[in-house]
Chemist: 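Following this message is one structure expressed as structure tokens.
As the structure is a computational prediction, the values presented were derived from the model and not from experiment. Just so it is clear: chains get the letters A, B, ... in the order the sequence lines come, proteins before strands, and each one is counted from 1.
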Amino acid sequence: MAIKDYLRQRFFPHMWCPGCGHGTVLNSLLRAVEELGIEKNDIVMTSGIGCSARISGYVDFHSLHSLHGRALAFATGVKLSQPKLKLLVPMGDGDALAIGGNHFIHAARRNIDITAIVMNNKIYGMTGGQYSPLSGVGKKATTAPYLTIDNDFDVVELAKAAGATFVARTTTFHATEATDFLKKAIMHKGFSVVEILSQCPTHYGRKNKEGDAPQMVANYDKITARLGSKKLEENPALIGRGIFVDRQAPEYCEEYDKIIEYAMKGRK
Amino acid sequence: MAIKDYLRQRFFPHMWCPGCGHGTVLNSLLRAVEELGIEKNDIVMTSGIGCSARISGYVDFHSLHSLHGRALAFATGVKLSQPKLKLLVPMGDGDALAIGGNHFIHAARRNIDITAIVMNNKIYGMTGGQYSPLSGVGKKATTAPYLTIDNDFDVVELAKAAGATFVARTTTFHATEATDFLKKAIMHKGFSVVEILSQCPTHYGRKNKEGDAPQMVANYDKITARLGSKKLEENPALIGRGIFVDRQAPEYCEEYDKIIEYAMKGRK
Amino acid sequence: MRTRIVFSGSGGQGVITAAILLAEAAVMYEGLNATQSQSYGAAARGGATRSDIIISDFEIDFPLVSQPNILVCLTQHAYNTYGAIVRPGGTVITDTRFVDIGKKVDARQIELPIYENVMEQIGKPIVFNVAVLGALLGIEPVLQKESVFKVIADRVPEDFIEMNQKAFEIGYKLGSEKMAEIMGR
Amino acid sequence: MRTRIVFSGSGGQGVITAAILLAEAAVMYEGLNATQSQSYGAAARGGATRSDIIISDFEIDFPLVSQPNILVCLTQHAYNTYGAIVRPGGTVITDTRFVDIGKKVDARQIELPIYENVMEQIGKPIVFNVAVLGALLGIEPVLQKESVFKVIADRVPEDFIEMNQKAFEIGYKLGSEKMAEIMGR
Amino acid sequence: MAKKKLKELVINRDWCKGCGICVAFCPKKVLELDKEDKSVAVRPQDCICCKLCEIRCPDLAIEVVIEPDKEK
Amino acid sequence: MAKKKLKELVINRDWCKGCGICVAFCPKKVLELDKEDKSVAVRPQDCICCKLCEIRCPDLAIEVVIEPDKEK
Amino acid sequence: MEKSIKFIQGNEACVEGALYAGVEFFAGYPITPSTEIAECLSQRLPERGGKFIQMEDEIASMCAIIGASLTGKKVMTATSGPGFSLKQEAIGYACMAEIPCVIANVQRGGPSTGNPTHVSQGDLNQARWGTHGDHNIIALTASNHQDIFSITVDAFNLAETYRTPVILLFDEAIGHLREKLVLPDEGELPIVGRLRTSVGKGVDYRPYLPREDGRLPMSDFGAEHRYNVTGLFHDMWGFPSNNPQVVSDLLRHLMDKIDNNVHSITRYKEHYMDGAEYVLISYGSSARSAIHMAKNRRMKGEKIGVLELQSLWPFPQHLIREKCSKAKAVIVVEMNSGQLMYHVKAAVDDPGKVFLSNRIDGKLITPADIKGLLRIIQGRGV
Amino acid sequence: MEKSIKFIQGNEACVEGALYAGVEFFAGYPITPSTEIAECLSQRLPERGGKFIQMEDEIASMCAIIGASLTGKKVMTATSGPGFSLKQEAIGYACMAEIPCVIANVQRGGPSTGNPTHVSQGDLNQARWGTHGDHNIIALTASNHQDIFSITVDAFNLAETYRTPVILLFDEAIGHLREKLVLPDEGELPIVGRLRTSVGKGVDYRPYLPREDGRLPMSDFGAEHRYNVTGLFHDMWGFPSNNPQVVSDLLRHLMDKIDNNVHSITRYKEHYMDGAEYVLISYGSSARSAIHMAKNRRMKGEKIGVLELQSLWPFPQHLIREKCSKAKAVIVVEMNSGQLMYHVKAAVDDPGKVFLSNRIDGKLITPADIKGLLRIIQGRGV
Ligand SMILES: Cc1ncc(C[n+]2csc(CCOP(=O)(O)OP(=O)(O)O)c2C)c(N)n1
Ligand SMILES: Cc1ncc(C[n+]2csc(CCOP(=O)(O)OP(=O)(O)O)c2C)c(N)n1
Ligand code: SF4
Ligand code: SF4
Ligand code: SF4
Ligand code: SF4
Ligand code: SF4
Ligand code: SF4
Ligand SMILES: [Mg+2]
Ligand SMILES: [Mg+2]
């Protein structure tokens, strides 16, 4: 199937700004789904609220555009009640880790078979450029006229500590890599997290003088390095890209099925 | 000052069950405050809701018995608006890490100068023995008649990943150690976390056949080992006790003061 | 027929379980209506416990008991708090180990050494509450004792049924003998 | 006096800023009342933008404009959408680069090559909106141009003031010349 | 692996928003923005069919169509 | 360090809930629960003033009072 | 054969009703005095292949049941005041996206943490207005276990019928009371199942286009039809729109589908209402005291009746107006500061004849409390 | 000297009012259409030594301002529908613990995510009943920037006077509208400061024992008096109690401190009300349309006036009854399904004369909309 067949083409051109990285994430994700050859009817995409969250309206899957920060909680309900479905949950950085931080760590803890995609533009895009828990120190934002003093989360570390069994990071520059990681994440049994650095030229870029979209994308190549690469070894201050965690552990829905099996036996 | 002088004695005997570890945490904490010689008026204790949370009613500090899970959010308001105060925030495991998980990681991320104490009895005591995100797999609880399948958080790992700059763990068996860690945590500039394993004989103990309070307390000695000890080296499955993180990093209120300084200069 | 009973004591004594057993027996094995409710203190733990039971042939609307026909007090605190609410002419049952009857109330006051007997003959305080239930039925035959036995069989793990029955009988004996004594006079 | 103006165009054109500058100048430097409001699309980005301005000696209650005296359209989409709402006898201002005037409306339709001139003489599209403002005042002198200059001075970073003033003058010249032309006839 | 041959660079002008990402990262400088700020293939003959433009386009506006013969 | 000498083991019977923690962990078996389930010092002479009972008591019901002379 | 009589708590009667109605999924977070509902379902659901999950908080619980409902399951959650407040945002989502689900709120004393182990009926208005924005809701209650059972079944039925969240507004006194429940046989009470679309594969399914009869057939996530669900105003396919017509049509639909059916949704019972001169209006556990008192007074020859409401929202304005039209006085009996009373006053012909017999101290209102007020109304002093 | 005239958005006028009133602490989470309040304060507060913090969500924001208020600071937060729903639990806490604080809700279309960039007045009842349990609240609004400024000052004053959360219920249209604000000079508007206890060191301070005048002096965290703050029912020292007398006394106090002062709290404006036969009741941005239309009709000789409410809660029942007593018809003009209208109907002598002129499609109601309804009422057709 062509990648366009996974789109709800009637809503194109989409609402994202010119050069918004979220479109590239959509692009990479659809390639992953296409290459895996998953049936559209087997996928539920759940999103929250934000520019990023609008992604669920553009894909021809079952789509649940939910509440800001709560996508993983909705997804947990969908998945547990119908484990045969594949759950894709793209989220903005604010969505996933500001208001949604608790659902993020709890979904990870349970190791429920959901793929969380953090579309990290380090800013609240939808509401016009306020700082997020991933902005980091010293950034300009509409609510940080004097520059931010808030430390940022390391999404990878947090996901790992919370119990995620697959954790990867890449960027919109590394679109092929993104597709690759997304494929692995989707096929992984358990809670998987893929963080994708995704430029917001309109707010983050403009305010922080990071140039236009192509410049921001190019920058992702400069500031990151593949895990295990010489580049990273030589400059550990760079942001690591790659698969940080990939381990097998009991998956929540499967464990629950065992409870049912036991309880139903108890009954008869 | 005698340790009793830090108590609101008129509410004693307290409401905790016979042998409840939360009383020992109170005991250790008051010793820490007493040994540090902090003025009662300089301390604000903020707690949420739970058996653990009742601790704030028993201490003769400024006390804010707030909402389930929200103690750190209230504390953040108190601290930021009046940084000279010492903020002690004891929380139950559910309080801190179920409903309160997001405030926990965000307070850690900001590195705001608050001392969080997780009174971890691995159960929701107040509501009668439901499992918590710290119960771990294979435990009995009123909402887990077929035993739990939920993985537990590692509080230390989570606090570390989220950005806490002081993280320690001990138990009610190790009361002197607890006092020691609490002293260090309170004196630490930045967000500090002390997890104290604290027995709930009434619910957790009874349901999981862990015996009476003395047995549960004795068990803490068996299942834990000091970081760096031979015991832990020989048996890494034991739960580590000790100070896991102790580092200096910019503290939130101090950083904010710099913003004010800058902004007020800008004004004049 | 409408019997209003209040059980009172402290958290660990199984007061509420006893109340439930009694009311459940009435409903499940005697075709009666019954309600059981309890009050909780601020402290969920250790505080005073009270359970109200109404047993009736008819529908029970308001389920609380203001003046019980039968009042059971298993701690001094419970006796002091609730002693006065018993209906004139009603019955107050106390255990000699836990309650000193101070000021008398206008009711039949029956003190029994239930706890002592349970500890002597069984040695497990856990069945004290069932013995109290036995005593109550020994004194006031509000239900058939078989009904209670059936409920015990429904609710109690197999291994413990016998012990509970025995406890019940201990109380029942104490109660009925005391009644015989009182009636005899 | 009550002037009702609608600015319309697309997100990046600075339509709203131009509207604010105008209304602010009226309030801050001419002692008039003014309101400025804007509508947002579903998509915060790139969509059609519209801003309504009312300038008046009196209090302004209802702040939206249903039939503007002056309508500025900076995209074809805006023209197609809003062209028809202009008051009969009002003025429609469009930029030749962006708008092809199709069906005529019952109003003075003024097409000006503002964008072209700005790009030629300054080369920065960012000041296009201010040039449009200049054109508007060149056509309809709803305010003194000094008032707008003052607001620009208040709002724009020092280094850019001159460029903005220049852009304004470009527009103003186009506008007033066109008016002279029209009036001359 | 046989070298791929371009059949067509399909650019959806309705979807393209002219962000310039494809232009900036095309290794062969095949693409440019026209004056309406839409991407166009100005040097299609240089295209090596790497698809970097296609996979990075945030608007899913480019498709690199490869000669079918060569693909088999 | 001079050995500490016990002056008094103050047990607040109103606060003690008879959990038995002090009893279980006293290294010298100084304490026992009486029949009202309150902790009592049955062998005060054996007390080594380690205060383990005091610091672990969940009810803050024990105070180990040490002879002041010895402390100085 | 299972015994058909049970002696259980009100919360357990609710569970029995939910199971009878076919609940398949529960997500919750413990809170007094509702916890027994969760506890009991954690045991009972897996026995029949259903799922129970304890979420990290009440917000997540509410979201999870919405997600589960979209896969075609009958779902519920249970909570009390503080948790009910937290669920409000997602309850509004369920209203907007028209997701069938049942939310039990076993009320305790509020505001805030309040009086957790004591009875209150203080969330009445919150059940209606707790979430932001215009919307509509169904809220039901009951005063005894038999009715708790059947009203719970009703709640699931109405949720499916109207594609809407339904609130079960119980209270601590009834939730914790133990009394008899006679389990109806299978088939004895009607059960409304999920109405699934009959639209076939490849045919345009419009999840938000009401049928002739007003109902909106659903399609399970995972089934043939892929559509969009959103909390934004949306068109008939579920896609966001802020077109004014679409917005007002949808909002009006959300209001009307419930208001226009107030008659079919209204549930109530009459006790001794024949020629009643004094009408007591009550609901939940306070209705028991009202009935008790009316029964007593009737035996003494006084014409007192009780109108017991089992549906609180949509508010049965016409019913109340009609039933009170001949009353000398109307006494609203409730355990709050007069929340229902306000609406009763607005419904009757003469608000001056409406009185409030209430209790706000955490104690169950007693027949004596009501009798005291009645004496005053009758001019007989205290 | 700073210029005393500004041309700004309504949200910024609110910020100016808050600064004038002495706000020292803001915690919030961005949400359209309230975000400018946060953005503006993030700039302005540090300039005067105040603090701004962007929290992880709205719940945390509400909790943080309560914490800050306890240190003696004047505090506020700002949000819109979804965030307002999330704040409800903590708003109830502030009611119960009697914490002065100001919550601005700049309303957008609901329910749920609704219509984020469009106007609505749908949170009116939620402002009153959004949190669980009986409680009371003050909610204010305004229709132009000068009034937004002064009502915001009022909000802080009332919060301090009554030790209560005060809701500012603005709407998108007024929040985003730009118009003139003339900044009052210092001292021009009265400012109510934090009332601190005069009780000295060592003397028993009872934070929850009202003074003769009904006010409850506070003591800052960090100052001499250590007391307890809780969301449980509590005694006069702030310690938990479920004693029935304590419970009912406290609840009654919470209700009465506001209801008994409805007269002092009520804020309204009359426009062309002299002998008005048709009374338009409105508030917020819809009042502008009502005024516009009344002005026009008056010029044409029709007797139409506008009663503009600036305080919505406590509901000014008597005011409305009085102002409408002589009206032929009363038209409530609002942008929701008739939330205020319901209360107006309950307040007037004849509910039959109350009509609703509303709009629920996200568009600002227009004078023409109201005129249309008026024609119908007057029997003049459409
Ligand atoms: C409960 C709630 N709070 C706040 C908002 C407003 N809001 C919408 S999106 C958003 C943040 C968007 O940032 P992010 O999640 O990083 O996504 P992005 O737009 O950057 O892709 C916020 C604060 C909301 N819709 N709901
Ligand atoms: C919003 C909200 N949800 C739920 C509750 C009910 N509740 C009170 S305490 C508690 C959990 C207690 O467990 P924990 O935090 O571990 O403390 P513990 O009692 O074990 O010390 C719960 C669920 C509540 N009070 N508020
Ligand atoms: S605002 Fe930023 S995140 Fe949102 S669509 Fe535009 S570029 Fe993307
Ligand atoms: S229930 Fe458990 S946690 Fe609560 S007081 Fe009792 S022992 Fe402690
Ligand atoms: S990357 Fe896509 S949207 Fe951007 S210029 Fe190229 S074709 Fe157009
Ligand atoms: S396929 Fe490669 S070479 Fe060809 S146009 Fe695209 S980026 Fe350039
Ligand atoms: S530890 Fe404390 S409470 Fe427990 S028995 Fe000893 S003295 Fe009593
Ligand atoms: S001080 Fe040490 S030795 Fe003495 S009683 Fe206490 S635990 Fe035993
Ligand atoms: Mg973002
Ligand atoms: Mg716990």
Side-chain angles (χ1 to χ4, degrees), chain B residues 8 10-11 15 40-47 49 53-54 56-57 59-87 99 102-103 105-107 109-110 112 252-253 256-268, chain H residues 2 24-27 42-75 77 89-94 96-97 99 101 201 219-232 234 237-240:
Chain B
R8 287 164 172 160
R10 67 186 176 287
F11 300 117
M15 55 79 79
K40 293 198 226 176
N41 274 337
D42 291 342
I43 302 181
V44 176
M45 182 180 280
T46 303
S47 67
I49 298 291
R54 286 306 190 98
S56 61
V59 292
D60 192 19
F61 308 138
H62 304 286
S63 60
L64 174 52
H65 180 238
S66 71
L67 293 171
H68 187 42
R70 315 299 173 192
L72 283 170
F74 281 87
T76 297
V78 174
K79 179 73 189 181
L80 181 58
S81 74
Q82 194 55 281
K84 68 163 204 211
L85 295 170
K86 283 261 171 232
L87 267 290
I99 192 169
N102 210 26
H103 311 304
I105 58 177
H106 280 271
R109 179 177 63 76
R110 287 189 193 100
I112 187 164
Y252 199 81
C253 302
Y256 202 93
D257 282 344
K258 292 181 196 159
I259 286 185
I260 292 183
E261 206 181 322
Y262 174 85
M264 291 186 79
K265 230 180 294 171
R267 270 269 101 172
K268 282 160 203 162
Chain H
E2 231 182 320
E24 295 163 283
F25 188 94
F26 178 98
S42 73
Q43 170 94 40
R44 303 286 298 278
L45 274 171
E47 288 172 357
R48 50 189 77 197
K51 311 255 171 114
F52 166 92
I53 186 169
Q54 188 174 297
M55 295 296 287
E56 51 272 27
D57 64 14
E58 288 88 349
I59 297 175
S61 306
M62 188 65 213
C63 296
I65 66 165
I66 293 173
S69 183
L70 283 165
T71 71
K73 301 293 194 295
K74 288 197 174 179
V75 302
T77 186
E89 189 200 10
I91 290 175
Y93 184 92
M96 182 61 124
I99 313 286
C101 54
K201 182 169 174 167
S219 175
D220 299 347
F221 272 14
E224 202 43 63
H225 302 288
R226 294 178 302 279
Y227 60 99
N228 190 54
V229 179
T230 181
L232 289 163
H234 47 267
W237 295 276
F239 290 103

Chemist: Checking B:Asp60 against chain H: side chain, backbone, both or neither under 4.5 Å from a heavy atom?
Modeler: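 For B:Asp60, the contact with chain H is made by backbone and side chain together.
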Chemist: Would you find a donor on one side and an acceptor on the other, under 3.5 Å apart, between the side chain of B:Ser63 and the backbone of H:Tyr227?
Modeler: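 Yes; at least one donor-acceptor contact below 3.5 Å.
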Chemist: Check for me whether B:Arg70 meets the cation-pi criterion with H:Tyr93, that is, NZ or CZ under 6.0 Å from the six-membered ring centre and within 45 degrees of the ring axis.
Modeler: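 Pair B:Arg70/H:Tyr93 does not count as cation-pi.
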Chemist: Do B:Tyr256 and H:Ile53 make a side-chain contact, defined as non-hydrogen atoms from C-beta onward lying under 4.5 Å apart?
Modeler: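 No. Closest side-chain heavy atoms not under 4.5 Å.
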Chemist: Between B:Asp257 and H:Lys51, which heavy-atom pair has the shortest distance, and what is it?
Modeler: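 Reported closest heavy-atom pair: OD1-NZ, 3.9 Å.
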Chemist: Look at H:Glu56 together with B:Arg110 and state whether they make a salt bridge at an N to O cut-off of under 4.0 Å.
Modeler: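 Salt bridge between H:Glu56 and B:Arg110, a charged N being under 4.0 Å from a carboxylate O: yes.
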Chemist: Is it the side chain or the backbone of H:Glu24 that comes within 4.5 Å of chain B heavy atoms, both, or neither?
Modeler: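 No part of it gets close to chain B.
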Chemist: What is the minimum heavy-atom distance between H:Asn228 and B:Gly57, and which atoms define it?
Modeler: OD1-CA, 4.5 Å
Chemist: Donor-acceptor pair, distance only, cut-off 3.5 Å: does the side chain of B:His62 make one with the backbone of H:Phe221?
Modeler: no
Chemist: With a 4.5 angstrom heavy-atom cut-off, could you sort out which part of H:Glu89 is near chain B: side chain, backbone, both or neither?
Modeler: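 Answer is both: backbone and side chain atoms of H:Glu89 are under 4.5 Å from chain B.
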Chemist: Between H:Ile65, H:Ile59, H:Asp220, which shows the greatest number of heavy-atom pairs under 4.5 Å with chain B?
Modeler: H:Ile59
Chemist: Select one option (side chain, backbone, both, neither) describing which atoms of H:Leu70 are under 4.5 Å from chain B's heavy atoms.
Modeler: side chain
Chemist: Against chain B, label H:Ala223 side chain, backbone, both or neither, depending on which of its atoms sit under 4.5 Å from a heavy atom there.
Modeler: backbone
Chemist: Drop me the distance from B:Arg10's CZ to H:Trp237's CH2, to the nearest 0.5 angstrom.
Modeler: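 Here the interatomic distance stands at 7.5 Å.
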Chemist: Select one option (side chain, backbone, both, neither) describing which atoms of B:Leu85 are under 4.5 Å from chain H's heavy atoms.
Modeler: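 Contact with chain H is through the side chain of B:Leu85 alone.
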Chemist: Identify which part of H:Leu45 has an atom lying under 4.5 Å from any heavy atom of chain B, answering side chain, backbone, both or neither.
Modeler: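 When you check distances to chain B, no heavy atom of H:Leu45 falls under 4.5 Å.
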Chemist: Residues in ring pair (Phe, Tyr, Trp, His ring centres under 6.0 Å) with B:His65, at least two apart?
Modeler: none
Chemist: At a heavy-atom distance under 4.5 Å, which candidate from H:Phe239, H:Phe52, H:Phe25 has the highest pair count against chain B?
Modeler: H:Phe239
Chemist: Which of the residues H:Ser219, H:Pro240, H:Ala68, H:Cys63 is involved in the greatest number of heavy-atom pairs with chain B at under 4.5 angstrom?
Modeler: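 Highest number of pairs under 4.5 Å: H:Cys63.
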Chemist: Closest approach of H:Gly50 and B:Ile260, non-hydrogen atoms and distance?
Modeler: O-CD1, 3.6 Å
Chemist: Under a 4.5 Å heavy-atom cutoff, which of B:Val44, B:Ile49, B:Leu80 has the most pairs with chain H?
Modeler: B:Leu80
Chemist: As an exercise: rank H:Gly231, H:Gly49, H:Ser69, H:Ala27 by heavy-atom pairs under 4.5 Å with chain B and give me the winner.
Modeler: H:Gly49
Chemist: Working to the nearest 0.5 angstrom, can you tell me the gap between H:Thr71 OG1 and B:Lys79 NZ?
Modeler: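 Going from the OG1 atom of H:Thr71 to the NZ atom of B:Lys79 covers 12.0 Å.
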Chemist: To the closest 0.5 Å, what do you measure between NE2 (B:His106) and CD (H:Gln54)?
Modeler: 10.5 Å
Chemist: So for B:Lys40, is it side chain, backbone, both, or neither that comes closer than 4.5 Å to the heavy atoms of chain H?
Modeler: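 Contact with chain H: backbone and side chain both.
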